[in-house]
Protein chains: 2
Amino acid sequence: MHNKIDCQDERFSPKTNHIDSSECQLCEVRACGMCSELDTATLNDLRKITRSRDYKAGELIFSDDAPLQSYAAIKSGIVKLSKILPDGRQQTLGLGFPPDFIGRTYKDKNTYFVSAITNVTVCTFPRDLFNEYLKATPSLEHRLFELTLNELDAARDWMLMLGRMSAIEKVATLLLSFADRLYKSNSLQGIPCDETHFELPLTRSEISDFLGLTIETVSRQFSLLKKKGLIGITQQRFIEILDKEGLSLLAGQLKET
Amino acid sequence: MHNKIDCQDERFSPKTNHIDSSECQLCEVRACGMCSELDTATLNDLRKITRSRDYKAGELIFSDDAPLQSYAAIKSGIVKLSKILPDGRQQTLGLGFPPDFIGRTYKDKNTYFVSAITNVTVCTFPRDLFNEYLKATPSLEHRLFELTLNELDAARDWMLMLGRMSAIEKVATLLLSFADRLYKSNSLQGIPCDETHFELPLTRSEISDFLGLTIETVSRQFSLLKKKGLIGITQQRFIEILDKEGLSLLAGQLKET
DNA sequence: CGGTACTTTGAGAATCGTCAAAGATAGTGG
DNA sequence: CCACTATCTTTGACGATTCTCAAAGTACCG
């Protein structure tokens, strides 16, 4: 019985916890995540097969080859999706923020890795049971469809960046994107913040994997942006956007006037 | 009445045709496309709001800024999705083959261009009416969800290519991908073909937009592959794969032994 | 305080882009 | 049938951007 439910791959930290009903009501991502379309009864049913689980920064959540045993929804923290070429070259495909859903529905494998960038808490759902819910609950499938469409939009935006932008444009684009995303995410959770200051949750190495560059090139672009007075950097991770318009111009999404 | 149905943007070739019921039965993409999950009654309903439409090679099908008036399903031919930076740099996001669906559901705009690579025939559906069908028909939404997941998988494969592959690897990957896709597509339609000979439907310029390279670099990689004896080229467009394993090795997806 | 991991900076090399020109192909009209 | 043109492709020379390799600097943690 317990086996059936706790079917997360046990090679990685095996700790999972049951979810009680008050937790769902209090869940920060209840309103906008995959659960947002579910009525209380359905949510309660789903809750019974759901386990909460924590991952430390850097831990692997799903591998790209092991059969997918469960799906997950991010409650807090940031994850990255990535692919690796046989010779070790790595490309990050996108980031997952709360309340993103992770796992490839309708296939028994992910074709990419999912790993924790920061400490992460997720709700996990055993694959087989969740699939049955999905089949029986069109509103849930509808919500997942919408989330998937958003992911596809994001993937295509990054394709333009990867294929056609210079190193400096890529870095400027990433910074603007983070400023926006973190601001919205923090505001939503009631955390005081402003649009121009934020902490980059990624190392230079993670950034380079995301932008299709090397660490050194990324570092050079940061130095360049600082020298141009467009951004300020403190402690390597804390970014201040000093000239948002200038940065947007560099990012190449605005037409020069 | 006619306005309501023929709401395709009229700036582009305005010719549309009604679909009669026998046409749906004979449709080449009936079995695997978005219609595959629909029963006869639903299909007949949908058919009433559907119009067939032809586009010549090169024609624009959907723009990236005009409000989306209709969706479409590809019956024959190949389309490309692309984005353009304000300064004119272009990136192709993917190709659409029969029976792909085109158009962003649940948003009133595409964020990319869709244009015909070859001559193309599509079924078009007025947006408002189709949305109502979609809401009322979970099986249709399920099918579109599956197609979208496949698109997302494809987009992520190309992200790895765009971000981390060298020019020669990109070209090798593209050729292998086309050999496979065209072989499957032709086989499905009963067209005699083999896996090693095919006609590239893209110009060098379209290839370069797809791979995130320049025309010249693409051309040089073709010459290189020819010189290495991995491929043969006749009339610039007809490709013969002479050494599939060697090409796969170059594409970087196989581990060197 | 020392060790580890991350970041920055520099020098030189490789890859890819730019500019230019010549070669090939397809379509047009005489 | 053959020039003629427009478009696409190939090739070359050169330059710019990015990568590689190496070393020094900085932050973090016990």
Side-chain angles (χ1 to χ4, degrees), chain A residues 56-59 80 85 87-91 117-119 161-175 199-228 231-239 250 252, chain B residues 56-59 80 85 87-91 117-119 161-175 199-228 231-239 250 252:
Chain A
K56 292 226 164 64
E59 272 188 289
K80 69 169 178 183
L85 247 18
D87 65 2
R89 283 174 288 175
Q90 188 169 144
Q91 177 63 50
I117 294 233
T118 62
N119 289 343
M161 178 216 69
L162 288 172
R164 288 302 183 200
M165 283 190 185
S166 67
I168 189 89
E169 290 171 322
K170 286 178 175 180
V171 172
T173 301
L174 181 87
L175 290 176
E199 179 184 357
L200 252 186
L202 307 178
T203 65
R204 297 289 185 271
S205 168
E206 286 166 332
I207 293 172
S208 68
D209 283 339
F210 202 174
L211 303 182
L213 299 169
T214 58
I215 300 181
E216 296 93 330
T217 301
V218 169
S219 180
R220 278 184 246 273
Q221 306 315 316
F222 272 101
S223 303
L224 231 151
L225 290 174
K226 200 165 67 175
K227 210 169 69 183
K228 288 190 177 197
I231 62 170
I233 307 174
T234 47
Q235 287 177 294
Q236 297 173 339
R237 292 285 200 99
F238 292 89
I239 306 292
L250 242 184
Chain B
K56 291 224 166 66
E59 273 187 289
K80 69 169 179 184
L85 247 18
D87 65 3
R89 282 174 290 175
Q90 191 169 141
Q91 177 64 48
I117 292 229
T118 62
N119 290 343
M161 180 216 65
L162 287 171
R164 287 302 181 200
M165 284 189 185
S166 67
I168 190 88
E169 291 173 321
K170 286 179 176 180
V171 172
T173 302
L174 182 86
L175 289 176
E199 181 185 356
L200 253 186
L202 307 177
T203 65
R204 296 289 186 272
S205 168
E206 287 166 332
I207 293 172
S208 68
D209 283 339
F210 202 175
L211 303 182
L213 300 169
T214 59
I215 299 179
E216 296 93 330
T217 300
V218 170
S219 180
R220 277 184 247 273
Q221 307 314 316
F222 271 101
S223 303
L224 231 151
L225 290 174
K226 200 166 67 176
K227 210 168 72 183
K228 289 191 176 196
I231 63 169
I233 308 174
T234 48
Q235 288 179 294
Q236 296 173 338
R237 291 286 199 101
F238 292 89
I239 306 291
L250 242 184

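Heavy-atom basis, side chains included; hydrogens, waters and symmetry copies ignored.
For the contact set between residues 215-223 of chain B and DNA chain D, defined by any heavy atom under 4.0 Å, the members are Ile215(B), Glu216(B), Ser219(B), Arg220(B), Ser223(B). Residues from residues 162-175 of chain A lying near DNA chain C, meaning a heavy-atom separation below 4.0 Å, are absent. If you check residues 200-214 of chain B against DNA chain C, the residues with a heavy atom closer than 4.0 Å are Gly212(B), Leu213(B), Thr214(B), listed by number.
Between the CD1 atom in Ile207(A) and the CG atom in Leu202(A) there is a gap of 5.5 Å [rounded to 0.5 Å]. Atom CG of residue Leu174(A) and atom CE of residue Met161(A) lie 8.0 Å apart, to the nearest 0.5 angstrom. Atom-to-atom distance recorded for Gln236(B):CD and Leu200(B):CG is 11.5 Å, nearest 0.5 angstrom. Rounded to the nearest 0.5 angstrom, Thr203(A) OG1 and Ile117(A) CD1 are separated by 7.5 Å. To the nearest 0.5 Å, the span separating CZ on Phe210(B) from CG on Leu162(B) amounts to 8.0 Å.
Direction change of the helix axis from one end of the helix from dC1(C)-dG30(D) to dG30(C)-dC1(D) to the other is 40°, with five pairs defining each end axis (rounded to 10°).
Counting heavy atoms from C-beta outward, Glu199(B) and Gln235(B) have side chains that stay 4.5 Å or more apart.
Among residues two or more places apart in sequence or in another chain, the side-chain hydrogen bond (donor to acceptor under 3.5 Å, both in side chains) test is passed with Thr118(A) by none. Residues that satisfy the side-chain hydrogen bond (donor to acceptor under 3.5 Å, both in side chains) test with Gln90(B), not counting sequence neighbours, are Lys80(B). With sequence neighbours left out, Lys56(B) forms a side-chain contact (heavy atoms from CB on, under 4.5 Å) with Glu59(B), Asn119(B). Under the rule for a salt bridge (Lys or Arg N to Asp or Glu O under 4.0 Å), Glu206(B) has no partner lying at least two apart in sequence or in another chain. Applying the salt bridge (Lys or Arg N to Asp or Glu O under 4.0 Å) criterion to Arg164(B), with sequence neighbours excluded, gives Asp209(A).
First and last contacting nucleotides of DNA chain D toward chain A (any atom under 4.0 angstrom from a heavy atom, 5' to 3' order): dT18(D) to dC28(D). With a cutoff of under 4.0 Å to any heavy atom of chain B, the contacted region of DNA chain C is bounded 5' to 3' by dC16(C) to dA26(C).
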Enumerate donor-acceptor pairs with a distance under 3.5 Å from any side-chain N or O in residues 212-224 of chain B to protein atoms, sequence neighbours excluded.
| residue | atom | partner | partner atom | Å |
| --- | --- | --- | --- | --- |
| Thr214(B) | OG1 | Thr217(B) | N | 3.3 |
| Thr214(B) | OG1 | Thr217(B) | OG1 | 3.0 |
| Gln221(B) | NE2 | Thr217(B) | O | 3.3 |
| Ser223(B) | OG | Ser219(B) | O | 3.1 |

### Task
Please report the C-alpha distance between Leu211(A) and Met165(A) in whole Å, then the side-chain angles of each, then the deciding distance to 0.1 Å, and finally whether the side-chain contact (heavy atoms from CB on, under 4.5 Å) criterion is met.
CA-CA 10 Å; Leu211(A) 303 182; Met165(A) 283 190 185; over 6 Å; no
